[in-house]
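To start, the structure under review is shown below, and the notes come after it.
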Amino acid sequence: MFTKLIDKLKNGTYISLETTPANSPQFAPIIDKIEELGLHHLVDAFSTTDNPLAKLKYNSLFAAKMLQDRFNKPVLATMTMRDRNKIALQSDLLGANEVDVRAILALTGDPANISDQPHTKGVFEADSTLLLDIISAFNSGMSFAGKPLGHKPKEIYPFAVVNSYAKNPKTLQKKMQKKIKHGALGIITQPVYDKENAKMLLDLIESANRDSLPKYKEAELILGIFPITKLRTAQFLSAHVPGINVPDRWIELLRVANKQGAEEEYKVGFELSKTLFDSLKELHPKIHLMSANQFSLAKEILK
């Protein structure tokens with residue numbers, strides 16, 4: 001399952017779909033919706049988020065296990081540094097390994113002070129490269145402390161993330177190179193909204209890989225896409241989410257459509273998003289689709 005996924009990532013077309021578990025003890029309704037829409041036939045992999053925005057959600061590792069069991073497709077289970085120290089990170093990886101949750105998306109995590117749980121404190125023993133280093137140790141049969149584990153774990157496949165935009169692109173290249181040096185096989189970008197932006201990111205990953213060889217393995221860039229069908233979403237992403245650049249043209253077109261009604265607003269946003277998806281897939285067919293669980297929208301984009 002995982003070797004096939006990595007082969008597709010390296011040599012073929014790779015499409016993954018993000019899922020966000022709910023604030024609920026049940027993840028099955030999300031899986032049922034995916035199956036109802038036939039989305040599992042349109043993607044190569046899924047991902048599960050880990051308490052995004054520090055809001056309480058169903059556990060990402062359990063969700064990944066359920067998705068894999070239902071569809072027999074690999075799932076990138078997100079793990080954040082915000083909620084776990086070195087002991088908890090390693091403990092979760094040990095348990096996940098036995099049940100074949102072995103593709104891990106390493107994130108530092110959103111700040112705890114925005115949590116919906118009162119007086120929450122973030123752990124943040126380090127950034128996400130610590131988790132990448134732990135995975136590297138596990139793949140060598142060792143704990144992070146350098147002690148042999150009782151049994152060598154099955155191989156774990158580490159993924160990482162990077163912003164899609166920066167005023168100084170070289171900062172993105174340095175961050176990519178850092179993730180490569182810590183073992184990431186795939187690096188997923190924040191949502192991209194412009195083909196030229198995507199081309200820049202591809203140039204940066206090429207340079208980052210070249211500067212990391214021969215000591216480190218190359219990483220594949222995976223372009224993140226988040227469809228925008230509302231003006232307020234475009235404005236929020238543009239104004240409040242660092243590392244994303246929503247073109248002024250998108251905002252202006254959505255503003256005009258918004259004045260004509262919700263139906264026209266959705267139509268314009270969908271057409272912009274679908275055109276972007278198709279053009280990026282033609283440019284670089286390694287894409288991670290994020291839709292905030294708007295799975296009907298995701299299906300229309302993927303068709």
If you count heavy atoms of other groups shown closer than 6.0 angstrom to NZ of Lys174, is the number above 12? no
Identify which one of Phe277, Tyr165, Trp250, Phe226 satisfies the ring-ring contact (aromatic ring centres under 6.0 Å, His included) criterion when paired with Tyr193. Trp250
Minimum heavy-atom separation for Ile228 and Ser273, please, with both atom names. N-OG, 3.0 Å
What distance do Asp83 atom CG and Asp92 atom CG have between them, rounded to the nearest 0.5 Å? 10.0 Å
Roughly how far, to the nearest 0.5 Å, is CG of Leu276 from CD1 of Ile225? 5.0 Å
Rounding to 0.5 Å, atoms OH (Tyr14) and NZ (Lys286) come to a distance of 10.5 Å
According to a 4.5 Å side-chain heavy-atom criterion applied to Ile, Leu, Val, Met, Phe, Trp and Tyr, with indirect links allowed, do Val192 and Val241 form part of one hydrophobic cluster? yes
Just to verify, which of Arg84, Lys55, Arg82, Lys57 counts as forming a salt bridge (Lys or Arg N to Asp or Glu O under 4.0 Å) with Asp50? Arg84
Is the side chain of Thr189 donor-acceptor paired with the backbone N or O of Gly224 at a distance under 3.5 Å, no angle test? yes
Assigning hydrophobic clusters by single linkage (Ile, Leu, Val, Met, Phe, Trp, Tyr; side-chain heavy-atom cutoff under 4.5 Å), is Leu172 placed with Ile187? yes
Would you say the ring centroid of Phe71 lies under 6.0 angstrom from that of Phe46? yes
Kindly check if the number of other-residue, nucleotide or ligand heavy atoms within 6.0 Å of CD1 (Ile87) is above 12? no
Heavy-atom check, side chain of Arg102 versus side chain of Phe138, under 4.5 Å: no
Just how far is it from atom CD of Gln90 to atom CG of Leu131, taken to the nearest 0.5 Å? 9.5 Å
For the pair Thr13 (side chain) and Pro285 (backbone), establish whether a donor and an acceptor sit closer than 3.5 Å, ignoring hydrogens and angles. no
Under a 4.5 Å side-chain heavy-atom rule over Ile, Leu, Val, Met, Phe, Trp and Tyr, are Ile15 and Leu105 clustered together? no
Trace of the side-chain contact (heavy atoms from CB on, under 4.5 Å) decision for Gln68 with Asn72: CA-CA 5 Å; Gln68 282 188 179; Asn72 195 33; over 6 Å; no
Output, in order, the C-alpha distance, side-chain angles, deciding distance and verdict of side chain to side chain donor-acceptor pair (under 3.5 Å) for Glu155 and Asn139. CA-CA 6 Å; Glu155 186 170 2; Asn139 284 337; 4.9 Å; no
Can you confirm whether more than 12 heavy atoms, excluding those of Asn168, are under 6.0 Å from its CG atom? yes
So for atom CD, which belongs to Gln260, do other residues, nucleotides or ligands contribute more than 12 heavy atoms lying within a distance under 6.0 Å? yes
Between Gln173 and Lys170, does the side chain to side chain donor-acceptor pair (under 3.5 Å) criterion hold? Intermediate values first, please. CA-CA 5 Å; Gln173 181 178 325; Lys170 285 296 182 182; 3.3 Å; yes
Look only at the side chain of Thr120 and the backbone of Asp116, and say whether a donor-acceptor pair between them is shorter than 3.5 Å. no
Are more than 12 heavy atoms, taken from residues, nucleotides or ligands other than Arg255, located less than 6.0 Å from that residue's CZ atom? yes
Check the pair Leu272, Arg249 against side-chain contact (heavy atoms from CB on, under 4.5 Å), reporting the backbone distance first and the verdict last. CA-CA 10 Å; Leu272 287 167; Arg249 172 176 168 270; 3.8 Å; yes
Could you check whether any side-chain heavy atom of Asn197 comes within less than 4.5 Å of a side-chain heavy atom of Met200, counting everything from C-beta outward? yes
Run the salt bridge (charged side-chain N to carboxylate O under 4.0 Å, His left out) test against Lys33 and tell me which residues pass, sequence neighbours left out. Glu36
Taking NZ, NE, NH1 and NH2 as the nitrogens, is one of them in Asp44 or Lys73 under 4.0 Å from a carboxylate oxygen of the other? no
Enter the distance from His41:NE2 to Ile34:CD1 here, rounded to the nearest 0.5 Å. 12.0 Å
Looking only at atom types and distance, does a side-chain atom of Ser115 sit under 3.5 Å from a main-chain N or O of Ala54, one as donor and one as acceptor? yes
I'd like to know if the side chain of Thr275 and the backbone of Glu271 have a donor-acceptor N/O pair within less than 3.5 Å. yes
Please examine the side chains of Lys178 and Asp127, heavy atoms only from C-beta on, and report whether any two atoms are closer than 4.5 Å. yes
side-chain contact (heavy atoms from CB on, under 4.5 Å), that's the test. Do Leu5 and Asp7 meet it? Break it down for me. CA-CA 5 Å; Leu5 179 73; Asp7 181 64; over 6 Å; no
Residue pair Ala106 / Leu132: nearest heavy atoms and the distance that separates them: CB-CD2, 3.9 Å
All heavy atoms of Thr108 vs all of Ser128, minimum pair found to be OG1-N, 3.1 Å
Please name the pair of heavy atoms, one in Asn293 and one in Glu18, separated by the smallest distance, quoted to 0.1 Å. OD1-O, 4.4 Å
When you look at Glu300 and Lys274, which way does the salt bridge (Lys or Arg N to Asp or Glu O under 4.0 Å) test go after all the steps? CA-CA 8 Å; Glu300 292 302 310; Lys274 175 63 173 171; over 6 Å; no
Applying the side chain to side chain contact (heavy atoms under 4.5 Å, CB included) criterion to Met142, which one of Ser136, Pro148, Pro153 satisfies it? Pro148
Side chain of Lys179, backbone of Ala160: donor and acceptor closer than 3.5 Å? no
Can you name the nearest heavy-atom pair linking Thr78 to Thr48, along with the distance? OG1-O, 2.8 Å
Less than 4.0 angstrom from a charged side-chain N to a carboxylate O is my criterion; do Arg70 and Glu35 meet it? yes
Taking C-beta and beyond as the side chain, do Leu17 and Phe295 meet within less than 4.5 Å on heavy atoms? yes
Using modelled atom types only, decide if a donor and an acceptor are shared between the side chain of Glu265 and the backbone of Thr229 within a distance under 3.5 Å. no
Could you tell me whether Glu98 atom CD has more than 12 heavy atoms of other residues or ligands within 6.0 Å of it? no
side-chain contact (heavy atoms from CB on, under 4.5 Å) between Leu67 and Phe27, intermediate numbers included: CA-CA 9 Å; Leu67 273 170; Phe27 185 65; 3.7 Å; yes
NZ on Lys199 to CG on Leu280, rounded to 0.5 Å: 10.5 Å
So, Ser238 side chain and Ala234 main chain: donor-acceptor pair closer than 3.5 Å or not? no
Tell me if the NZ atom of Lys154 is crowded by more than 12 foreign heavy atoms within 6.0 Å. yes
Transitively linked via ILVMFWY side-chain contacts under 4.5 Å: Met81 with Ile188? no
Would you say that more than 12 heavy atoms from the other residues, nucleotides or ligands in this model lie under 6.0 Å from the NZ of Lys281, or not? no
Hey, what's the ring geometry for Phe236 with His240, parallel, tilted or perpendicular (30° and 60° as the breaks)? tilted
Of all heavy-atom pairs linking Ala219 and Ile180, the shortest is CB-CG1, 3.7 Å
Does any N or O in the side chain of Gln190 come within less than 3.5 Å of the main-chain N or O of Val162, such that one atom is a donor and the other an acceptor? no
Shared ILVMFWY cluster between Ile205 and Leu283, side chains joined below 4.5 angstrom? yes
Quick check: does any side chain N or O of Ser60 sit under 3.5 Å from a backbone N or O of Ala77, one acting as donor and the other as acceptor? no
